[in-house]
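Worksheet for the structure shown next.
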There are 2 protein chains.
Amino acid sequence: MKKISSRTIARALLYLRTLETLIRDGKDTVSSRELARITGLTDVQIRKDISNFGKVGTPGVGYNVAELKKVLEDIVLAKKVIRMALFGAGHLGTAILKYPAFGKQKLRIVAAFDRDKRKIGRTINGVKVYPVEKAPEIIRKNRVDIGIIAVPPESGQKVADLMVLSGLKAIVNFAPVSLNVPGAVSVRDIDLSIEFLSVYCDTQK
Amino acid sequence: MKKISSRTIARALLYLRTLETLIRDGKDTVSSRELARITGLTDVQIRKDISNFGKVGTPGVGYNVAELKKVLEDIVLAKKVIRMALFGAGHLGTAILKYPAFGKQKLRIVAAFDRDKRKIGRTINGVKVYPVEKAPEIIRKNRVDIGIIAVPPESGQKVADLMVLSGLKAIVNFAPVSLNVPGAVSVRDIDLSIEFLSVYCDTQK
DNA sequence: AATAAATCGTGAAATTTGTAACGATTGCAT
DNA sequence: ATGCAATCGTTACAAATTTCACGATTTATT
Ligand SMILES: NC(=O)c1ccc[n+]([C@@H]2O[C@H](COP(=O)([O-])OP(=O)(O)OC[C@H]3O[C@@H](n4cnc5c(N)ncnc54)[C@H](O)[C@@H]3O)[C@@H](O)[C@H]2O)c1
Ligand SMILES: NC(=O)c1ccc[n+]([C@@H]2O[C@H](COP(=O)([O-])OP(=O)(O)OC[C@H]3O[C@@H](n4cnc5c(N)ncnc54)[C@H](O)[C@@H]3O)[C@@H](O)[C@H]2O)c1
C-alpha cells in the first residue's frame, strides 16, 4: 500500500470534521464540489485526496456521507481511543483540560503533570494532576499515545526528554522552543506567536 | 521584488525566535549549520530562506546574530505593534489573554468581545471585555490588525462576518468550523483536535 | 433507448518546494 | 604570502504537491 502524505491526512481529518456536521444536518450524499465550497479547497484536490483511500464515490451522485466518513475514519481507526497526557496545568493547559469536545471524539486526556505543588493533586475536569516524576510510570500504565507540552519554554526540553524516556512517540509542543528528540518521535510545534505573525504577514505582501 | 513564500516566512519567524534566545545567551554569530541543528531543519534550507532577504551572512563566519535579526524583522517591521482583538473570553480565550509573552513581543491584544453578560465589563490581564455589538467601532478605532476566534463553532461564522464587516484582514480561527470569508481576508485555522490526530497519524503509517 | 447533466477517478502537466553541488569569500595557521 | 578549513549564496536538479484535462459512470429526461 502506498504511503499517504501527511498533508493529505491533515485534509482528510478536515473532511471528517465536515462530514460530521453534514450528518448532523441530515445530509445523505455530498459532492466534491460541495465539500470544496465548504472547506475552501478545490474539488479536484478533494477527489484526489479521497482516491487515496479507495473508490468510494459514485459518478453523477457524489459521496455517501456515512460511507465516506467510515472510509476516512480508517486512517485513525486502529485505536478506538487516543490517549493523551498533558504537561503543564497552567493557563493554556487548563483550557485544554476543560475542552469538552475531546471527550466526544476519540481523543482523551488521561493524565496531567505539573511540578507546582499547588497544582499537584487537584482534579481538573476529571483529570488528575500528578507530579512530573510519576510520568514514566503513569504514561506506560495508561498506554498514552500523545504528549502535550504546555510548560514554559525553558522547561520544554526537559519535559520532552521525559516524554521520550516514557516511550511517547508523538508530541504536540505549545512552548516556543525547538525540541531535540530522536527521529522516531513526531513533534508538532504550535507556536501561537508565530501563527499570529504569520497570518499578519499574509495580508502584507 | 520577488514575493516570498508563506512557508519561508513561517520559517523566518522561527529563525527570529531562535535568534532571540541566542542573543540572550550572548552569542554574536551563528552559522546556518548551527541554526539547522537547533531548529531541526537543514542548513541549505536556512541559507536559501535567508538569501531571500539579501546577502547578510559572511562566508567562513556565518551570520551576525543581531544583524540577521534586524533583517528578518523587516518582514514584520512595518508595524511596531500588531494589534489583536479576541472574540470569546472562555477557557481558551482567557488563556490567550493571560499569556504574558505577547506583551514582550510586537503582539498586543487590545480588546476582547463576548456575548455573555457575566463576562462583559470584566478586565482580564488589562484587557477589557466588551459586548460583541461594539466590535466594529472598537476595532476601527484601535486599528486592529488580527481577529482571534475563540467562540464555539456554531458562532464561528457569525463572528467571522462581524470581523469582515469591521474591516479585519487577518483571522486566526480556533473554532472547528470552516469559515466563509472574502478572498482578501487571510484565515489561519488552528483546530487542536486535527493537530492531535494528525501527529498521532504520523507515528502510525 | 438515446441524450444530457452531474460527478468521479486518474494520468499527465504545471507548479511549488526542497536538496545537492560547488564556486567564491573569509579568517586562521603556518 | 600561501594553503586550508569553514561557510555563504546560487544555479541546477529532484521531489512533492497541486492543477488540468478528460474518459467513464450514474441518474434523470424525453
Ligand atoms: N497561554 C497562552 O495562550 C499561550 C500562548 C502561546 C504560547 N503559550 C505557551 O504555552 C506554554 C504554557 O503557557 P501558559 O500560559 O499555560 O503558562 P503557565 O505559566 O500558566 O503554565 C505553565 C505550567 O507549567 C508548569 N511547569 C513549569 N515547569 C514545569 C516542568 N518542568 N514540569 C511540569 N510542569 C511545569 C507550571 O507549574 C505551570 O503550571 C508556554 O510555553 C507558553 O509560552 C501559551
Ligand atoms: N479549550 C480548548 O482547549 C480548545 C481546544 C480546541 C478547540 N477549542 C475551540 O476554541 C473555541 C473556544 O473554546 P473554549 O473552550 O474557550 O470555549 P468556552 O465555551 O469556554 O468559551 C467560549 C466563549 O465564547 C463566548 N461566545 C459564544 N458565542 C459568542 C458570540 N456569538 N460572540 C461572542 N462571544 C461568544 C461564550 O460566552 C464563551 O465565553 C471553541 O470553538 C472550541 O471548539 C478549544
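Remember, predicted model here, so these are calculated numbers, not experimental data. Numbers restart at 1 for each chain; the letters A, B, ... are given by sequence-line order, proteins then strands.
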Residues B:E73, B:K69: salt bridge by 4.0 Å N-O rule: yes
With B:Y63 via ring-ring contact (aromatic ring centres under 6.0 Å, His included) - residues at least two apart: none
Identify each donor-acceptor pair in which a side-chain atom of residues 35-46 of chain A lies under 3.5 Å from a protein atom, sequence neighbours left out, and give them as a table.
{"from": "A:R37", "atom 1": "NH2", "to": "A:E34", "atom 2": "OE2", "distance (Å)": "3.2"}
{"from": "A:T39", "atom 1": "OG1", "to": "A:L35", "atom 2": "O", "distance (Å)": "2.8"}
{"from": "A:T39", "atom 1": "OG1", "to": "A:L41", "atom 2": "N", "distance (Å)": "3.3"}
{"from": "A:T42", "atom 1": "OG1", "to": "A:Q45", "atom 2": "N", "distance (Å)": "3.2"}

Heavy-atom donor-acceptor pair, B:T8 side chain to B:I4 backbone, under 3.5 Å: no
side-chain hydrogen bond (donor to acceptor under 3.5 Å, both in side chains) contacts touching residues 146-168 of chain A (sequence neighbours left out): A:Q157-A:D161
Rounded interatomic separation in angstrom, taking NZ from A:K55 and P from C:dG9: 8 Å
Gap between atoms CD1 and P, on A:I50 and C:dT10 respectively (whole Å): 12 Å
Nucleic acid contacts of residues 28-35 of chain B, taken as heavy-atom distances under 4.0 Å to DNA chain D: B:S31, B:S32
Name the atoms and distances for all side-chain donor-acceptor pairs under 3.5 Å in residues 131-144 of chain A, with sequence neighbours left out.
{"from": "A:R140", "atom 1": "NH2", "to": "A:L165", "atom 2": "O", "distance (Å)": "2.9"}
{"from": "A:N142", "atom 1": "ND2", "to": "A:I138", "atom 2": "O", "distance (Å)": "2.8"}

B:F87 and B:F113 aromatic ring geometry - parallel, tilted or perpendicular at 30°/60° bounds: tilted
N/O donor to acceptor pairs below 3.5 angstrom from side-chain atoms of residues 145-153 of chain A, sequence neighbours left out:
{"from": "A:D145", "atom 1": "OD1", "to": "A:K79", "atom 2": "NZ", "distance (Å)": "2.8"}
{"from": "A:D145", "atom 1": "OD2", "to": "A:R83", "atom 2": "N", "distance (Å)": "2.8"}

Stepwise side chain to side chain donor-acceptor pair (under 3.5 Å) check, B:S178 with A:R17: CA-CA 9 Å; B:S178 295; A:R17 186 186 84 184; 3.3 Å; yes
Degree of bending, the helix from C:dA1-D:dT30 to C:dT30-D:dA1 (end axes from five pairs; round to 10°): 0°
Listed partners of A:D189 passing side-chain contact (heavy atoms from CB on, under 4.5 Å), at least two apart: A:N173, A:V187
Qualifying residues under side-chain contact (heavy atoms from CB on, under 4.5 Å), relative to A:P182, sequence neighbours excluded: A:V164, A:V185
Heavy atoms of other groups near A:R33 CZ, more than 12 under 6.0 Å: no
Would you mind reporting whether [Y] and [X] have side-chain heavy atoms less than 4.5 Å apart?
X: A:L16; Y: A:L14; value: no
X: A:I171; Y: A:S186; value: no
X: A:L192; Y: B:Y99; value: no

Boundaries of the DNA chain D segment in contact with chain A, non-hydrogen, under 4.0 Å: D:dT17 to D:dT27
Of residues 18-27 of chain B, the positions that come close to DNA chain C - non-hydrogen atoms, cut-off under 4.0 Å: none
Nucleotides 18-30 of chain C: protein proximity per nucleotide (B base, S sugar-phosphate only, - neither; heavy atom, under 4.0 Å): BBB----BBS---
